[in-house]
Amino acid sequence: MPDALIRRLTTLFKNEGFQLIDPPILQPVAPFMALSGEDVRQRMYLTRDPEGREFCLRPDFTIPTARQHVAAPDGGRYAYLGPVFRHRPQKNGSGQDEPGEFVQGGIEWFGEADTAKADATILKLALDITATAHVHRATVRVGDIGLQSAFLDSLGLADVWRRRLWQHQGRGGDLAAVFATNGTDTASFPALATLMTSGDAETAASVIEDVLKLAGTETVGGRGPQEIAQRFVEKALASSGVSDEQQAAITSFMAISAPLSEAMSLLEAEFPTLDLTLAKRRMDEMAAMGLDLSTVQFDAGFTRPLDYHNGFVFEVVAPRSGEKLIGGGRYDALTERLGASAEPAVGLSLWLDRLIAAGGAT
């Protein structure tokens, strides 16, 4: 990796008040299985210690940084630049996989109460990173999972369908593929289906978990009995499906795509009850920082393939190859899901090899 670029990025992080950290490469697998999303879980490198405990090679830095922050808070502003390990499929037409070990950099920012300003700042830093790497005319795409969630709440959509939408959208899928699974068939297992849809999903999951343990099932695909049981319950709950009216409304909302300078007006016109206060404040902060909102594309259906994002999300894409160079967003619930108090948090991750290819190795 070019030393000059690494030095420039390190200097940028430090000048913005972020301290460099290097969490352990060997990490307990459970937090990643619970929080990372299917896209990351399927590509991790796993191992066990002599006592049978499962570990993984660090697949990214966000969860290890959050774990370190929860264990020993130190200002809440962290940066990193080091190796991560996960399988990466081949590039289009290349005929070979990308290396499973690669350098990831990024920023994680905990504790800033002014979320609109922090969101705008993290996007500004992403663009500063591309400038530092001599990448010009990159495409910027933003979304808001918080707005998506509020809209889906207004429809009374079940949580399992919300997750299906986010998982498909995060992997670049389309709504047709999600709705094609409408009305999951549980008729082949009537007793199990009755248990799972009895109204007490927690008890149903506990019963299934006990059965799996009695059968000696420890893990399947890296998942333990508890997570397997929860997924059985979710599949049964999804059998109620999504109505035609809900499908039409979701399709209309997710189709909104426009420059950020125009997007809020479109949302107001089509969905007047949606609270856009935070989104508008974020835009004002971005404009105050000198960002040209007409060059930032807002996509109402955009999300990222990570289970812990819950608000503003974005990605920066290379101008010629179309590869993702930087991705990030808000994840206020992550510290709580790791056993601590909930804390405002936002961050970004960059792929150093892709930045180099897009901007030149200098």
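All residue numbers in this chain count up from 1 along the given sequence. Hydrogens, waters and symmetry mates are skipped; everything else that's a heavy atom, side chains included, is used.
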Test Tyr331 against Glu108 for side chain to side chain donor-acceptor pair (under 3.5 Å), laying out the working first. CA-CA 10 Å; Tyr331 50 92; Glu108 312 296 346; 2.4 Å; yes

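- Atom CG of Asp128 is separated from atom CD of Glu16 by 6.5 Å, given to the nearest 0.5 angstrom.
- Contact annotation: the side chain of Phe55 never approaches that of Leu46 to less than 4.5 Å [non-hydrogen atoms, C-beta and beyond].
- Contact check for Leu338 versus Arg67: side-chain heavy atoms found under the 4.5 Å cut-off.
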Determine, stepwise, if the pair His87 / Gln42 fulfils side chain to side chain donor-acceptor pair (under 3.5 Å). CA-CA 8 Å; His87 174 71; Gln42 292 179 340; over 6 Å; no

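- Taking the charged nitrogens against the carboxylate oxygens, Lys280 and Glu268 do have a contact shorter than 4.0 Å, which makes a salt bridge.
- Remark: side-chain polar atoms of Glu315 are not paired, donor with acceptor, to backbone N or O of Gly328 under 3.5 angstrom.
- Cluster annotation: Ile6 is connected to Val135 through the hydrophobic network of ILVMFWY side chains, with a link wherever side-chain heavy atoms come within less than 4.5 Å.
- Side-chain atoms of Gln148 come within 3.5 Å of backbone N or O of Phe302 as a donor-acceptor pair.
- Between Tyr80 and Phe61, the ring planes are parallel. Angles under 30° get that label, and only those over 60° would be called perpendicular.
- Panel note: side chain Arg86, backbone Pro59; a donor-acceptor pair is recorded below 3.5 Å.
- Within the cation-pi definition used here (under 6.0 Å to the ring centroid, within 45° of the axis), Arg77 qualifies as a partner of Phe18.
- For the residue pair Ser252/Glu270, the side-chain donor-acceptor check at 3.5 Å is satisfied.
- Side chain of Thr130 to backbone of Leu127: a donor-acceptor contact under 3.5 angstrom is found.
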Applying salt bridge (Lys or Arg N to Asp or Glu O under 4.0 Å) to Lys117 and Glu285, what does each step give before you reach the verdict? CA-CA 6 Å; Lys117 185 174 183 178; Glu285 292 288 351; 5.7 Å; no

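- The side-chain heavy atoms of Pro31 and Arg337, taken from C-beta on, include no pair separated by under 4.5 Å.
- Pro319 places none of its side-chain heavy atoms less than 4.5 Å from the side chain of Thr139.
- Nearest heavy atoms, Pro83 versus Ile25: CG-CD1, 4.4 Å.
- At least one donor-acceptor pair under 3.5 Å links the side chain of Thr335 to the backbone N or O of Glu343.
- Under the 4.5 Å side-chain heavy-atom criterion for ILVMFWY residues, no single connected hydrophobic cluster contains both Leu26 and Ile21.
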Please test Asp119 against Lys124 for salt bridge (Lys or Arg N to Asp or Glu O under 4.0 Å), starting from the C-alpha separation and ending with a verdict. CA-CA 9 Å; Asp119 289 348; Lys124 173 66 164 54; over 6 Å; no

Between Val140 and Thr295, is a side chain to side chain contact (heavy atoms under 4.5 Å, CB included) present by the stated rule, with each step listed? CA-CA 7 Å; Val140 182; Thr295 65; over 6 Å; no

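- Note that CZ of Phe110 is 6.5 Å distant from OG1 of Thr65, once rounded to the nearest 0.5 Å.
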Between Phe298 and Glu262, does a side chain to side chain contact (heavy atoms under 4.5 Å, CB included) hold up when you go through it step by step? CA-CA 9 Å; Phe298 175 84; Glu262 305 170 13; over 6 Å; no

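- Note on Leu278: it does not cluster hydrophobically with Leu276, by side-chain heavy-atom contacts below 4.5 Å among ILVMFWY residues.
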Apply salt bridge (Lys or Arg N to Asp or Glu O under 4.0 Å) to the pair Arg282 and Asp144, showing each step before the final yes or no. CA-CA 11 Å; Arg282 184 188 302 126; Asp144 193 327; 3.1 Å; yes

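- With a 4.5 Å cut-off on side-chain heavy atoms, Leu350 and Gln104 do not count as touching.
- Under a 3.5 Å cut-off, the side chain of Glu112 and the backbone N or O of Trp109 do not form any donor-acceptor pair.
- Under 3.5 Å, the side chains of Gln297 and Ser257 contain a donor-acceptor pair of N or O atoms.
- The side-chain heavy atoms of Thr303 and His309, taken from C-beta on, include no pair separated by under 4.5 Å.
- Of the possible polar contacts, none joining the Glu336 side chain to the Ala333 backbone as a donor-acceptor pair under 3.5 Å is found.
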Could you go step by step and tell me if Val316 and Lys324 meet the side chain to side chain contact (heavy atoms under 4.5 Å, CB included) rule? CA-CA 6 Å; Val316 181; Lys324 295 176 185 178; over 6 Å; no

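- Side-chain atoms of Arg320 come within 3.5 Å of backbone atoms of Ala358 as a donor-acceptor pair (strictly under, hydrogens ignored).
- The shortest distance between side-chain heavy atoms of Ile107 and Tyr78 does not fall below 4.5 Å.
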Show, in sequence, the C-alpha distance, side-chain angles and deciding distance for Phe314 and Ile326, and conclude whether the side chain to side chain contact (heavy atoms under 4.5 Å, CB included) test is met. CA-CA 8 Å; Phe314 69 91; Ile326 305 173; 4.2 Å; yes

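- Using modelled atom types, no side-chain atom of Arg330 and backbone atom of Val346 make a donor-acceptor pair closer than 3.5 Å.
- The side-chain heavy atoms of Pro344 and Asp332, taken from C-beta on, include a pair separated by under 4.5 Å.
- In the hydrophobic clustering of this structure, Ile256 groups with Met254; members are Ile, Leu, Val, Met, Phe, Trp, Tyr whose side-chain heavy atoms approach within less than 4.5 Å, directly or through other members.
- A perpendicular orientation is assigned to the rings of Phe271 and Phe151, their planes being inclined by more than 60° (bins at 30° and 60°).
- No continuous path of hydrophobic side-chain contacts links Val29 to Leu57 [ILVMFWY only; heavy atoms under 4.5 Å].
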